[in-house]
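Basis for what follows: all heavy atoms, side chains included, without hydrogens, waters or symmetry-related copies.
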Amino acid sequence: ETPIYVKFSPSETGLTEDTIVPLTVGGGACDVSLSGTGVSTPTVETATVLNITSTSAEINSRITDDGLAPVTACGICVNTTGAPTLADPHTDEGAQDNWFSSLLTELEPNTWYFARSYAQNLAGAVYGNQVQFRTQMVPEICVNDSLLQPFGKVIVGETSPADSLSMWANQIIDDLLITAPAGFQISLDPMSREFSSELILTPETGDIAPTKLYLRFAPTEGGNLSNQLTFSSTGVETHNLMLYGIGIVAPTVNTLDPAEITANSALGKGEIVHSGWSEITACGICYGLSPDPDLDDMHTITGTSQQDLAPS
C-alpha cells in the first residue's frame, strides 16, 4: 500500500466537491470523492450606543456574516485613543450568530471613548466599524462662595445688606431646592422684595447654568443663628454651605437697691443679666424725681463694664 496525501486549500468560501481517480499498475481505477468547505472570517457591524451614564454605556452590534463557521467569541473593544483592539479592554459575549449587546462599565466620567465590535471564528478575528461616545458628567451641585462674607451682628427686626454667591449644577434629573436656615433669606434679585427661605430652580437638559444667588440676614431672635444653607435634588449629593450671623437684642439689666444713702448722695447699683449678644458700650444709673427715669433724665455712665454698676 502507498499512502496518498490530499491538501485542501480553498480559493473561495463555500462547499467544494470533487473526485480523484488514483491509478495503480496492473490494476483498475478507483474513484475517491472529496469535499471541503472554505470558511472566512466573519463580518460584524457596530450599531448603536445606548444608556450612556457617567461610568457606563451599552452598545448593540450585529454579526452580518459568520464566514461559514460558527462565531465563538464576540464583543466590544474600547479605548480613548482610537482603533481599539483585543489588546485593549473588551467584553466577551461568547458564541453569537446575530444581534448582541455589550455593557461597558468602569468608565471615567466626562470622557470621550472609541469603541468597535469584534467577532472571531476559526478563520480569525475581525473588527467592525468604530463609534465614538462621551460619558456624562457626574451629577453634582457646585457653589462658589469665595466672595461671601459672614453677616456678623444684626439687630433683631432689621435686615443686613444683600451678599451674593454663584452656583450651578450638572446632570441633575429633578428641580434643585435651595433652603435657607432660620434668620436668613435668599433671592435671585438683590433689589427684590421677594426674599424668602426657599428657592426652586428647574434644570434645562439636566443642567443649571451658573446663577447668582443673593442672601441677607434678617434675624427674628437673638443669638448665634449660624447654620447650613442647603442645595438638594434627587439623585445627587446635597451641598451644604455654612452661613454666619448673630441676632442682637437689647441687653437685660437689673437695678439693685441703692446703698450708702446720705442727705445728698447714694450709691446706685445694677447688674447686667445678659449682653444681648453684643458688646456693652455704656452702662450706668438713671435717676430723677419721677418714676421710671430714663436717659432723658439724670444718669451716670460707667463705661463698658459688665460688672456691678456703682456710681455715687
Side-chain angles (χ1 to χ4, degrees), residues 48-59 80 103-113 132-247:
T48 53
V49 185
L50 305 169
N51 302 324
I52 301 173
T53 71
S54 58
T55 59
S56 65
E58 185 179 354
I59 301 180
T80 58
L103 179 63
L104 304 175
T105 60
E106 299 183 3
L107 305 179
E108 292 296 322
N110 195 29
T111 302
W112 282 103
Y113 282 94
Q132 189 178 16
F133 65 93
R134 185 179 187 176
T135 51
Q136 295 183 357
M137 300 178 70
V138 174
E140 62 179 348
I141 300 169
C142 304
V143 177
N144 180 1
D145 63 333
S146 59
L147 301 180
L148 184 66
Q149 299 296 319
F151 288 93
K153 298 178 178 180
V154 175
I155 297 173
V156 170
E158 297 185 3
T159 302
S160 73
D163 206 344
S164 65
L165 56 80
S166 60
M167 59 76 53
W168 62 97
N170 301 314
Q171 297 299 316
I172 60 175
I173 60 175
D174 207 347
D175 287 347
L176 174 67
L177 175 63
I178 307 173
T179 306
F184 294 87
Q185 301 172 342
I186 49 180
S187 176
L188 298 178
D189 181 359
M191 307 305 294
S192 172
R193 296 182 180 179
E194 300 299 324
F195 275 76
S196 64
S197 61
E198 286 187 351
L199 280 178
I200 295 177
L201 302 181
T202 300
E204 294 184 8
T205 62
D207 297 335
I208 293 177
T211 302
K212 205 161 190 178
L213 183 66
Y214 296 91
L215 307 95
R216 65 188 188 186
F217 183 40
T220 57
E221 60 180 314
N224 186 354
L225 302 180
S226 301
N227 211 332
Q228 302 279 1
L229 176 70
T230 63
F231 301 77
S232 59
S233 184
T234 303
V236 60
E237 183 177 357
T238 297
H239 187 99
N240 296 314
L241 175 66
M242 181 63 78
L243 301 181
Y244 297 92
I246 298 174

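For the atom pair OG1 (Thr234) and CG (Leu176), the distance works out to 10.5 Å, reported to the nearest 0.5 Å. Note that the CD atom of Gln185 and the OG atom of Ser197 stand 8.5 Å from one another [nearest 0.5 Å]. Here the CZ atom belonging to Phe195 is positioned 13.5 Å from the CZ atom belonging to Phe184, to the nearest 0.5 angstrom. Put simply, CD1 on Ile172 and CD1 on Ile141 are 6.0 Å apart, with the number rounded to the nearest 0.5 Å. In this structure, CG on Asp189 lies 7.5 Å from OH on Tyr214, to the nearest 0.5 angstrom. Put simply, OG1 on Thr80 and CD on Glu108 are 10.0 Å apart, with the number rounded to the nearest 0.5 Å.
Taking each heavy atom of Ile208 and Pro203 in turn, the nearest pair found is CG1-CA, 3.7 Å. Closest approach of Val154 to Pro219, counting heavy atoms only: O-CG, 3.5 Å. The shortest heavy-atom contact between Pro181 and Asn227 is CB-CB, 3.4 Å. Across Ser187 and Leu213, no two heavy atoms sit closer than the pair O-CD1, 3.6 Å. Nearest approach of Leu241 to Leu148, heavy atoms of both residues: CD2-CD2, 4.1 Å.
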Take Lys212 and Leu188 through the side chain to side chain contact (heavy atoms under 4.5 Å, CB included) test and state the conclusion after the steps. CA-CA 7 Å; Lys212 205 161 190 178; Leu188 298 178; over 6 Å; no
Run the numbers on Phe133 and Ile59 for side chain to side chain contact (heavy atoms under 4.5 Å, CB included), then give the verdict. CA-CA 10 Å; Phe133 65 93; Ile59 301 180; 4.2 Å; yes
Let me see the working for Leu215 and Phe151 under side chain to side chain contact (heavy atoms under 4.5 Å, CB included), right down to the final yes or no. CA-CA 10 Å; Leu215 307 95; Phe151 288 93; 3.9 Å; yes
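In this structure the side chain of Phe217 reaches within 4.5 angstrom of the side chain of Leu225, judged on heavy atoms. Taking 4.5 Å as the limit, every side-chain heavy atom of Leu104 sits out of range of all side-chain heavy atoms of Tyr113. Taking 4.5 Å as the limit, some side-chain heavy atom of Leu165 sits within range of a side-chain heavy atom of Leu229. Counting heavy atoms from C-beta on, the side chains of Met167 and Leu201 come closer than 4.5 Å. Ser160 has its side chain within reach of Arg216: a pair of non-hydrogen atoms, C-beta onward, lies under 4.5 Å apart. In this structure, the side chains of Leu243 and Ser226 stay at 4.5 Å or more apart for every pair of heavy atoms.
Without hydrogens or angle criteria, Asp207 side chain to Gln171 main chain gives a donor-acceptor distance under 3.5 Å. Panel note: side chain Asp163, backbone Gln149; a donor-acceptor pair is recorded below 3.5 Å. A distance-only check finds no donor-acceptor pair linking the side chain of Ser192 to the backbone of Pro190 [under 3.5 Å]. Remark: side-chain polar atoms of Ser233 are paired, donor with acceptor, to backbone N or O of Asp174 under 3.5 angstrom. Judged purely by atom type and a 3.5 angstrom limit, Thr135 uses its side chain to pair as donor or acceptor with the backbone of Asn110. At distances below 3.5 Å, not a single donor-acceptor pair connects side-chain atoms of Thr238 with backbone N or O atoms of Ser232. Put simply, the side chain of Gln136 gets close to the backbone of Ile52: a donor and an acceptor are under 3.5 Å apart.
There is no side-chain donor-acceptor pair under 3.5 Å between Asn240 and Thr230.
Within 6.0 Å of atom CD in Gln228, more than 12 heavy atoms from other residues, nucleotides or ligands are found, so the atom counts as buried in its surroundings.
Using bins of under 30°, 30° to 60° and over 60° for the plane-to-plane angle, the ring pair Phe231/His239 lands in the perpendicular bin.
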